[in-house]
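Each remark here refers to the structure printed beneath this line.
Note that ligands are numbered from 1 as they come in the structure, with each ligand's atoms numbered from 1 the same way. Along the sequence shown, residues carry numbers from 1. Being a predicted model, the structure only gives us computed values, none of them experimental. Just so you know, these numbers use all the heavy atoms, side chains as well, and skip hydrogens, waters and symmetry mates.
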Amino acid sequence: MELKESNKFFKNKKFKYLVIGIVVLIFIMIGLYFLFMPRLELKGKDEIVLDYPNNYKEPGFKAKILNKDITPQVKVRGKVNDKKIGEYKIIYEVKYLFMKKNIVRIVKVIDSENPKLTLKGEENTKVCPGKEYQEEGFDAIDNYDGDLKDKVEVDKSSDKWVYKVVDSSGNKTILERKFTYVDDNMPVIELTGQSIMYITQGNQYKEPGYKASDKCDGDITNKVTISGKVNINVPGTYELIYTVIDNSNNKAEIKRKVIVQRKKIYTGGSGIIYLTFDDGPQSGTTDKILNVLKEEGVKATFFVTCKGPDSLILREYKEGHAIALHTATHNYAQVYASVNSYYADLNQVSSRVKRITGLDSKIIRFPGGSSNTVSRRYQQGIMSFLTKDVLSRGYHYFDWNVDADDAVGCVKSASPACVYNNVTKRLSKNRNNIVLMHDVKPYTANALRDIIKYAKNNGYTFKKIDMSTPMVWEKVNN
Ligand code: ZN
């Protein structure tokens with residue numbers, strides 16, 4: 001009955017048109033929809049993985065309606081912070097009339113880089129037997145997390161330490177430090193005092209001492225053995241060998257030379273030494289010489305120039321030494337150009353001494369000594385004249401009879417031993433010894449103490465030059 005009725009209903013023509021009308025309308029609507037729905041396209045992928053620290057750059061998009069470009073009307077929402085790990089959503093939306101279209105792009109900022117782990121010291125490290133490795137340090141830096149030093153885990157075992165660090169994204173780095181237990185370092189022996197020592201025959205040799213240390217065993221001074229002997233009664237050169245062996249049988253050795261010098265026996269004579277120093281003062285050497293003289297209680301004579309600081313001349317004077325005149329310029333061509341020129345130079349250094357000390361020194365030494373031949377180049381016969389003339393003007397001039405040869409012979413070796421040997425072998429107990437030295441030579445400064453010790457041990461005495469000191473002259477050659 002119902003079915004029959006419906007058939008009837010469908011047979012109704014009006015209704016048929018209605019259905020067709022609706023269907024047509026729907027097609028028109030769909031058509032309009034496709035026609036007026038904006039088309040939106042993304043350039044690039046709709047899911048982008050961005051590895052830190054790369055920067056995000058919008059790849060772009062395009063929007064069209066009916067072949068008309070409406071890209072400028074696209075609205076973009078959402079932002080990517082490419083400095084921060086995370087997932088970001090960007091929504092692109094465009095409207096046209098009553099139609100709206102949107103697309104989503106996903107951007108994932110990730111960190112895929114392993115942290116950088118560096119070990120200080122060697123990866124294969126030698127460790128003293130029986131000791132634990134002492135950490136030398138390490139650094140861990142991650143491109144994203146920054147300093148991860150505090151996050152480093154160290155897994156310690158006796159043959160290796162394993163260092164591990166993991167960053168906030170799970171990237172990890174592992175390093176190993178491997179150990180070998182061995183001591184292959186030589187111990188070190190250091191001598192206290194000089195490595196070459198001079199003593200005078202018959203005087204006692206006192207061991208100045210030594211120190212020995214080892215990287216693994218620490219202070220092993222008590223393990224040092226000394227071989228060799230010094231016979232203080234027989235002049236000669238003796239060698240002492242200091243040896244030390246550490247717990248791992250590494251051996252070190254060092255030597256000291258002891259030179260026993262013959263004691264000279266004198267009969268009579270003054271045995272007075274006048275130490276004289278030319279060409280100064282000079283910072284660094286004259287002060288060193290003054291220190292030694294002070295410590296040894298010896299007075300000397302300084303033949304000064306116009307070089308060096310006033311303070312050193314003042315110190316020489318205050319410490320009781322004789323201040324004598326050498327030359328202002330030490331320029332032979334100028335000094336020996338004429339008699340007037342000689343006195344002009346002398347007066348200049350004389351004024352300097354007077355200004356600093358108040359002294360009117362009349363004790364002089366000619367540049368090059370009175371026997372010099374260099375003056376011949378500038379003025380024939382000038383020394384013959386000057387050696388008499390200075391005396392008539394009240395000066396006392398001094399040459400020398402003991403030449404340290406520190407301005408010529410010892411220059412090449414620059415060795416204190418050279419100066420020492422020259423002076424000690426030339427000293428004589430049978431006269432006044434006027435010793436020529438130069439306080440501008442570092443090796444002379446370094447030889448001085450040994451020279452004084454030698455002289456004291458051999459019964460010499462020291463004096464400074466004054467106006468009562470007998471003058472010592474060489475033969476005049478010009
Ligand atoms: Zn000189």
Electrostatic pair K223-D246, nearest N-O below 4.0 angstrom: no

Closer than 2.8 Å to the Zn ion (ligand 1) - protein N, O or S atoms, ordered by chain and residue number: D279 OD1, H326 NE2, H330 NE2

Pairing of D183 and K215 as salt bridge, 4.0 angstrom limit: no

Passing candidate, ring-ring contact (aromatic ring centres under 6.0 Å, His included) with F366, options F398, W473, Y397: Y397

Polar side-chain atom of N250 near backbone of N185 as donor-acceptor pair, under 3.5 Å: yes

Whether over 12 other heavy atoms sit under 6.0 Å from K151 NZ: no

Carboxylate-amine/guanidinium proximity below 4.0 Å for E319 and K299: no

